[in-house]
Visitor: 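Below is the structure I would like to discuss, written out as structure tokens.
Just so it is clear: chains get the letters A, B, ... in the order the sequence lines come, proteins before strands, and each one is counted from 1.
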Amino acid sequence: MLSFFLRRLATFIPTFLGVTLVAFMFIRIIPGDPILLMAGERGMTDERYAELMARFGYDQPLLTQYFNYLTGIFRGDLGESFVTRKPVWDEFFTLFPATVELSLCAIFLAVIIGVPSGIAAAIHRGKFWDQALMSTALTGYSMPIFWWALLLIIFFSGILGWTPVSGRLSLMFYFENVTGFMLIDSLLSGQKGAFGSAVQHLILPTIVLATIPLAVIARQTRSAMLEVLGEDYIRTARAKGLSVFRVNGLHALRNAMIPVITVIGLSTGTLLGGAILTETIFSWPGIGKWMIESISRRDYTVIQGGLLLIATVVMLVNLVVDLLYGLINPKIRHHG
Amino acid sequence: MALLEVVGLTVEFKTANGQFRAVDAIDLTVDTGDIVAIVGESGSGKSVSMLALMGLLPWTATITAERMVFNGHNLAGLSARERRTIIGRDMAMIFQEPMSSLNPCFTVGFQIRESLKTHLNLSRRERQHRAVELLDQVGLPEPEKRLAAFPHQLSGGMNQRVMIAMAIACQPKLLIADEPTTALDVTIQAQILELLVELQRNSDMALVLITHDMGVVAETAQRVSVQYAGQKVEEQPVLPLFDAPAHPYTSALLAALPERSSGRHLASIAGVVPGQFDRPAGCLFSPRCEHVQPLCHEQVPSQTQRDGASVLCHFPLDRQGRPTHARQDHDSQNQNQNSQTDVNQINGGMQ
Ligand SMILES: Nc1ncnc2c1ncn2[C@@H]1O[C@H](COP(=O)(O)OP(=O)(O)OP(=O)(O)O)[C@@H](O)[C@H]1O
Ligand code: SF4
Ligand SMILES: [Mg+2]
């Protein structure tokens with residue numbers, strides 16, 4: 001198991017370096033150079049230009065620049081935003097918890113509904129429940145997200161008035177940012193109603209963000225279960241006189257979960273990379289919204305740093321998924 | 001009363017092209033301590049008939065039988081829940097592919113203890129103890145260590161031993177082994193068969209051994225049921241069967257045995273078992289039978305007796321291996337008429 005872990009870790013390092021290279025090149029291949037971009041419409045004198053080139057190290061050879069960039073990364077220095085003048089690193093870590101909170105809620109919802117639906121569909125293959133569940137999943141999968149979000153907002157916020165339209169918390173509350181997770185911080189604050197408000201704000205974005213992963217997980221669970229249910233060892237399990245629940249829920253599910261875990265992990269990775277549409281629609285202060293805003297402001301250091309951080313998060317999640325995969329699949333654990 | 005008594009077992013599958021009869025009115029009686037072999041080529045319904053008894057067929061299968069009684073239970077009338085208390089305990093089955101028949105996600109020990117836990121009232125420690133004992137019994141060295149292994153860490157032969165250990169865990173009265181050695185190396189095949197026979201001998205367990213290997217039959221079985229295209233075409237004790245097969249199909253199977261072939265070429269039966277779309281009229285074996293007569297194409301034969309053998313043929317072979325109509329021809333001038341009356345007599349005798 002340890003060697004499996006080390007081997008997976010070893011593949012992580014070159015991938016990470018590759019991503020840094022892409023992020024490094026990104027700012028150098030865009031038309032114009034970053035200093036001129038920083039100056040914007042106003043322009044600048046030649047002396048000022050040379051001074052800035054030297055200050056940011058753009059006058060050095062490319063290899064030296066890359067080396068400086070790398071050492072910067074390991075010191076936690078990703079540069080400053082052109083717009084806010086705040087370190088990219090700080091901005092990221094202020095916003096990231098909001099994305100994590102929303103993503104985890106969405107994945108949780110997708111798993112607790114998607115997996116049982118997939119199992120039910122597989123067991124009732126070809127019958128009413130299968131068709132009902134799978135056509136719902138297909139609808140969810142193919143629905144345009146913004147349209148779906150608008151429908152929910154119109155119905156739940158507009159007509160019923162149950163949920164707020166945007167943000168993470170009602171303005172009535174204010175408390176210290178301890179963990180950055182509103183669900184936890186609101187409880188820690190001890191303010192009455194704060195937790196309820198946080199939950200209310202989470203509901204719609206969670207549903208919207210969970211829709212596609214839910215559909216994918218349900219379909220993947222169904223097909224994995226169908227495949228597994230036809231295996232010889234399921235016949236063996238039934239021949240042992242085991243209950244239907246044990247055959248489906250233990251012998252079949254345990255094997256079917258192997259591909260499903262991968263899908264869950266990959267979806268988590270994608271969501272943690274920032275849900276641009278959902279965060280924008282619900283004004284959710286996460287990194288998806290941050291990225292889209294920095295793109296529209298041409299805040300290149302933020303885009304560069306943000307890309308690197310998001311890619312790293314996704315890669316880390318994939319690494320964890322790989323390790324989990326090894327943990328639940330004995331064949332991988334021993335040979336893979 | 002027999003341990004297992006099956007009369008007229010028929011299994012039909014719902015397929016895209018209508019009903020397909022995979023098992024056609026099979027009879028099978030097994031007594032405590034018996035070893036019965038079921039032989040026949042691929043597709044003759046051996047597995048399906050046994051899976052029907054175990055209740056392991058998919059929902060597309062329709063099972064009917066005049067009688068299907070095991071150990072006093074009417075298998076046809078059992079609910080799924082009641083059946084689950086019998087299968088895996090009193091009636092167990094092992095399969096052809098040991099590598100894929102064990103769950104890759106659980107250790108061997110888990111899978112054996114699970115059988116014990118399902119049917120017997122043992123404590124955790126007793127189950128562990130019994131699992132070690134079982135692996136020892138099926139001849140796996142270092143049983144404690146093996147219990148912690150996953151199936152992919154063991155060889156095919158070892159996995160089949162594990163399957164056997166799991167099947168005999170609750171000391172079943174009947175063990176059905178569906179081609180237990182087909183997927184294994186030749187040397188391992190002999191060991192596994194030996195193990196099965198030994199386990200059977202040391203208990204009063206009955207063994208139904210499905211195989212298409214006549215050599216295996218000769219070495220292990222007491223009684224043989226020969227199946228062809230879903231029908232039982234012959235049943236005899238093993239010695240007389242090898243000595244004097246009554247059905248042309250059995251005779252052809254025996255002639256195909258390497259040690260029996262005369263000359264350099266291995267005799268084999270030309271043609272294949274008819275499937276859903278090429279079922280002939282009359283006798284199902286008629287397209288391949290070397291003793292076929294015009295009548296065989298027209299009329300479905302019925303079960304007859306020939307000194308101790310039950311056989312499904314218009315013209316069963318006599319002890320000299322000659323079809324009955326040949327003898328009749330010898331006695332009579334009018335061949336056609338005679339074989340016709342001969343058959344009528346046989347049929348009449350049955351009713
Ligand atoms: N689930 C099923 N649906 C439809 N037809 C089936 C099904 N299972 C088996 N059959 C058909 O029933 C017939 C008998 O199959 P069976 O597996 O019993 O043969 P067998 O005698 O065990 O052969 P083998 O020696 O290859 O194991 C075959 O023609 C097979 O295609
Ligand atoms: S009935 Fe006719 S075709 Fe069929 S096995 Fe007997 S002799 Fe051959
Ligand atoms: Mg078979």
Visitor: Could you tell me which portion of B:Ser100 (side chain, backbone, both or neither) has an atom closer than 4.5 angstrom to a non-hydrogen atom of chain A?
Guide: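 Contact with chain A: backbone and side chain both.
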Visitor: By a 4.5 Å heavy-atom criterion (distance strictly below it), what part of B:Ile87 contacts chain A: side chain, backbone, both, or neither?
Guide: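 Both backbone and side chain of B:Ile87 come within 4.5 Å of chain A.
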Visitor: In terms of heavy-atom proximity below 4.5 Å to chain A, should B:Ile86 be classed as side chain, backbone, both, or neither?
Guide: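 For B:Ile86, no heavy atom lies under 4.5 Å from chain A.
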Visitor: Between B:Thr32 and B:Asp204, is there a side-chain donor-acceptor contact under 3.5 Å, judged purely by atom types and distance?
Guide: no
Visitor: Give a yes or no on whether a salt bridge exists between A:Arg125 and A:Asp130, defined as a side-chain N under 4.0 angstrom from a carboxylate O.
Guide: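 Salt bridge: no.
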Visitor: Run the salt-bridge test on B:Glu133 and B:Arg130 with the 4.0 Å N-O cut-off and return the result as yes or no.
Guide: yes
Visitor: With no hydrogens and no angle check, do the side chains of B:Gln111 and A:His251 hold a donor and an acceptor under 3.5 Å apart?
Guide: no
Visitor: Could you tell me which portion of B:Met166 (side chain, backbone, both or neither) has an atom closer than 4.5 angstrom to a non-hydrogen atom of chain A?
Guide: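 Looking at B:Met166, just its side chain touches chain A.
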Visitor: Quick one: which of A:Ile258, A:Val228, A:Leu250 has the most heavy-atom pairs under 4.5 Å with chain B, could you say?
Guide: A:Leu250
Visitor: Answer with side chain, backbone, both or neither: which region of B:Ile176 has an atom nearer than 4.5 Å to a non-hydrogen atom of chain A?
Guide: neither
Visitor: Under the 3.5 angstrom rule, does the side chain of B:Glu179 hit a backbone N or O of B:Ile210 as a donor-acceptor pair?
Guide: no
